There are 4 protein chains.
Amino acid sequence: MSIKVIVAGFKGKMGSTAVNMVKGDQELELVALLDPFADEKEVDGVPVFTAKEALIGFEADVWVDFTMPKVAYENTRFALENGFAPVVGTTGFTEDQIAELIALSKEKGLGGLIAPNFAIGAILLMEFAAKASKYFPDLEIIELHHDKKKDAPSGTAVKTAELIREARSYKKQGAEDEEESIAGARGAEFDGFRIHSVRLPGLVAHQEVIFGAQGEGLTLRHDSYDRISFMSGVNLGIKEVVKRDQLVYGLEQLL
Amino acid sequence: MSIKVIVAGFKGKMGSTAVNMVKGDQELELVALLDPFADEKEVDGVPVFTAKEALIGFEADVWVDFTMPKVAYENTRFALENGFAPVVGTTGFTEDQIAELIALSKEKGLGGLIAPNFAIGAILLMEFAAKASKYFPDLEIIELHHDKKKDAPSGTAVKTAELIREARSYKKQGAEDEEESIAGARGAEFDGFRIHSVRLPGLVAHQEVIFGAQGEGLTLRHDSYDRISFMSGVNLGIKEVVKRDQLVYGLEQLL
Amino acid sequence: MSIKVIVAGFKGKMGSTAVNMVKGDQELELVALLDPFADEKEVDGVPVFTAKEALIGFEADVWVDFTMPKVAYENTRFALENGFAPVVGTTGFTEDQIAELIALSKEKGLGGLIAPNFAIGAILLMEFAAKASKYFPDLEIIELHHDKKKDAPSGTAVKTAELIREARSYKKQGAEDEEESIAGARGAEFDGFRIHSVRLPGLVAHQEVIFGAQGEGLTLRHDSYDRISFMSGVNLGIKEVVKRDQLVYGLEQLL
Amino acid sequence: MSIKVIVAGFKGKMGSTAVNMVKGDQELELVALLDPFADEKEVDGVPVFTAKEALIGFEADVWVDFTMPKVAYENTRFALENGFAPVVGTTGFTEDQIAELIALSKEKGLGGLIAPNFAIGAILLMEFAAKASKYFPDLEIIELHHDKKKDAPSGTAVKTAELIREARSYKKQGAEDEEESIAGARGAEFDGFRIHSVRLPGLVAHQEVIFGAQGEGLTLRHDSYDRISFMSGVNLGIKEVVKRDQLVYGLEQLL
């Protein structure tokens, strides 16, 4: 039997991508669409609503939410109270709100997921890198992005570095007497290791973590080309929350 | 306080490499050397023995064994019976022997490790690849070795493929109507995915697992240049077995 | 002073991409558009024509042609006869036609370019690979494409292999006694070396040539993500043909 | 007929590696060895000399020289005057000395080679990178070495960057408003592009030049593991100098 899915925020970029993903998976059934900006009454036979209250009593399993920070908390509460397991990609929840929603999900015995990042590949890379750093404390991160990117290192690289810092024992890498003949050659220092930021036209978002040890090397690389890559994370979330009885924060909790 | 280590089989390649590793780590102390082929009475102040019986009652914590299959089982038994936690890199144990040695270790309350492969990097690669294949069922393996290698695919690639087969749902990859204009272009088929074997002078032993999904890619690569790389696994084994109370089979059990 | 450019076939995919490229380069000036399927009279102030004859006597330097095989030959003749240096991406010219157009270009003292491939990166990769193979006869090609691709190896890989065959002295690579435990592991054999075809979702069109020798390795890789990459070749063609006095076949002639 | 080779400085590391290379190539014949530090009278039937004067009138084609800066100039002069085409890997020649030796070689009608770098792969990489930078002005260099290396960027990276600067039109890369949240992330700036230096145990000497453009990328990588890699350059030098009638400086002159 297929999982019945509501998509809230279906007029936005992520929402409409999620609609296509749900339609393309035979294990899922799209049963309702919600967006205050919608004009249409239905899309390919699926009913469209502009206010969540119209969905009280509706028969569905999962509430996918790609709306806006200011409504996401209320939407998630509403979903749990009405028996829909929420899968939420909207950001901006406070820690208190998350704690409260987890408590509510337990009370209702419903699974749920709030995830700031749905890219399974990026999350696996971080997890693998953190684990490898326990055994290979010598590492460097190279992140590569398009040349319009303003900040360096990238947010993902900093997040990866923080997870490595938690797992790895501190080590100041490199030769003790090393010298840069041109400033910056050795990259940005973070917890004794280095991060290098490459910016070139044609690139999208890529990250490599290189580990070195006597006689061997280990390299982990993630390439991200398109937001469609987030959909495998959303798909996984939908299929996992229906098996669970409480909401979790972070896609890594489901991997 | 340092961990006192005996090295059995210290005249062999792996044994002598292990001796250097132990000497180079301040947390470890080399207390005895064993080898039936030894002529010397001591090496740098460390006593040398040619028969294991001479070590009954000797004070040591760990028994590192890089001997030969025909004596390794007896040696491991001897180590456990005399209070030394064994770390054994010799291969050729039967399943019955392993079960019996595990039982004996529990009885004695001693940790221990028998490992066919001490390359932490290679083991991590396999573990990561198997996990990633759950979420990214589309993958190919490229293994690269020196051009004197006779067999293709490599044993490590086949082992990796087997672990992926266990973790991944079967999928026949590639276009349904794909055709090779030159036979072999698409590589070796294994469980619906492909393995490619590259052989070139200058290479040693390398393996890459490439995962692809809509809009993203994940690549895991291990490079092995020298047997010295096995020593980080032996080192880890020594430090872990002294904290444990039963023998395990496979370095992955300690990661 | 800017180069005045006519784009023929501007309603097609390549033609419209070329229009944007010309508009975005301050050294170029778009002066006319031609397409029999055009309805509009002008686009952003640039006059639109539906028949080439209307351009007789028009003032322009270069005729960019992304039309169809059946008209491209006539168009190129027309351009040369009317003083426009042709840059032609349409395929399907016979050898006789090319020879005739080269002769005509000499007579008129006009430069020109007919190119089956405008991807500078792919052409450089082939040139570099052929040159390197003179000194490093041990090599393998790995080409990687999306998983809807039907043929393996790719046309680009075969073209690259042919250019290597011309430059390299024949050598049968690999161990003499090598054996495949799974058929196809060693890839497709071409002139004694191997080609491997990887097919995965998320990939577009990529090619790697790996050279190995005692103690070293050389790797050349080209990644192609989008047809926009052809535009740097068209741009180069436009700027080169105005400096020359005869037509050439193949972008490599201008590198 | 084989090429008769004298090796001067055969007791040193490079010299003895060269001896093995000459012996292993059927097109070459080792006819004499020279080293002031030699005690032996012959090695495997090849006569050994301790002073170059003993080789006046000796029958040989090529003089391979891996001696020391203070004698290399005199040795090269001596070789040319006695009819041996020199292949010299010793460094420290002044520009005046090189000019003088070239003049002498022309007078004698003898080929010759003085090369500060015999790594064909590294030289090809530099040449390819410089050429590609004409068409792809957006690039970054990543060089990777063992973690005992003191200087960053490496000498090879700086040499490569200088050759690129000569070939490429100046361009300041990256976003205009780019900011480093950790200093050094964007690497060392050289002529508007960036160089990143990675230092890890297990690495030897590696260099990657990455080019990016709209919709495509080109990556060139050289890996150097062992000094044996220089021997293909020496081998090439020996076979080329016998066909030429004047000395050249730099192996790139023969590629």
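Here the structure is a predicted model, which means the values were calculated and not measured. A, B, ... follow the sequence lines: proteins, then strands. Residue 1 opens every chain.
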**Prompt:** Counting heavy-atom pairs under 4.5 Å to chain C, which of B:Val204, B:Leu203, B:Ile210, B:Val158 comes out on top?
**Reply:** B:Ile210
**Region of C:Gln173 in contact with chain B, defined by heavy-atom distances below 4.5 Å** = side chain
**Item:** salt_bridge(B:Asp147, B:Lys149) N-O dist < 4.0 Å
**Value:** no
**Item:** Under 4.5 Å from any heavy atom of chain B - which part of C:Leu139
**Value:** backbone
**Request:** Using a strict 4.0 Å threshold on nitrogen-to-oxygen distance, state whether C:Lys134 and C:Glu166 make a salt bridge.
**Result:** no
**Message:** So that I can tick it off, tell me whether C:Glu143 and C:Arg199 are bridged by a salt bridge, with the cut-off set at under 4.0 angstrom between side-chain N and carboxylate O.
**Reply:** yes
**Asked** What part of B:Phe211 is in contact with chain C, defined as an atom under 4.5 angstrom from a non-hydrogen atom: side chain, backbone, both or neither?
**Response** backbone
**Prompt:** Pick from C:Ala157, C:Gly215, C:Ala183, C:Gly217: which one has the most heavy-atom pairs with chain B under 4.5 Å?
**Reply:** C:Ala183
**Prompt:** So which heavy atom on C:Ala8 is nearest to which on C:Asn75, and how close?
**Reply:** CB-ND2, 4.4 Å
**Item:** Most chain B-contacting option - heavy-atom pairs closer than 4.5 Å, from C:Val198, C:Ile142, C:Asp151, C:Leu144
**Value:** C:Val198
**Prompt:** Which residue out of B:Gly202, B:Gly212, B:Pro201, B:Gly187 racks up the most heavy-atom pairs below 4.5 Å with chain C?
**Reply:** B:Pro201
**Message:** Minimum heavy-atom separation for B:Ala129 and B:Thr160, please, with both atom names.
**Reply:** CB-CG2, 4.3 Å
**Asked** What residue, out of B:Arg186, B:Glu176, B:Glu189, has the most heavy-atom pairs lying under 4.5 Å from chain C?
**Response** B:Arg186
**Over 12 foreign heavy atoms within 6.0 Å of NZ, B:Lys171** = yes
**Asked** With a cut-off of 6.0 Å (strictly less than), are more than 12 heavy atoms of other residues, nucleotides or ligands near NZ of B:Lys159?
**Response** no
**Request:** Mind ranking C:Lys148, C:Lys150, C:Glu216, C:Glu178 by heavy-atom pairs under 4.5 Å with chain B and telling me who comes out on top?
**Result:** C:Lys150
**Message:** So which residue, B:Pro153, B:Ser197, B:Ala213, B:Ala175, ends up with the most heavy-atom pairs under 4.5 Å with chain C?
**Reply:** B:Ser197
**Message:** Please determine whether a side-chain nitrogen of the Lys or Arg among C:Lys172 and C:Asp191 lies less than 4.0 Å from a carboxylate oxygen of the Asp or Glu.
**Reply:** no
**Message:** Please classify the contact of C:Arg194 with chain B as side chain, backbone, both or neither, using a heavy-atom distance under 4.5 Å.
**Reply:** neither
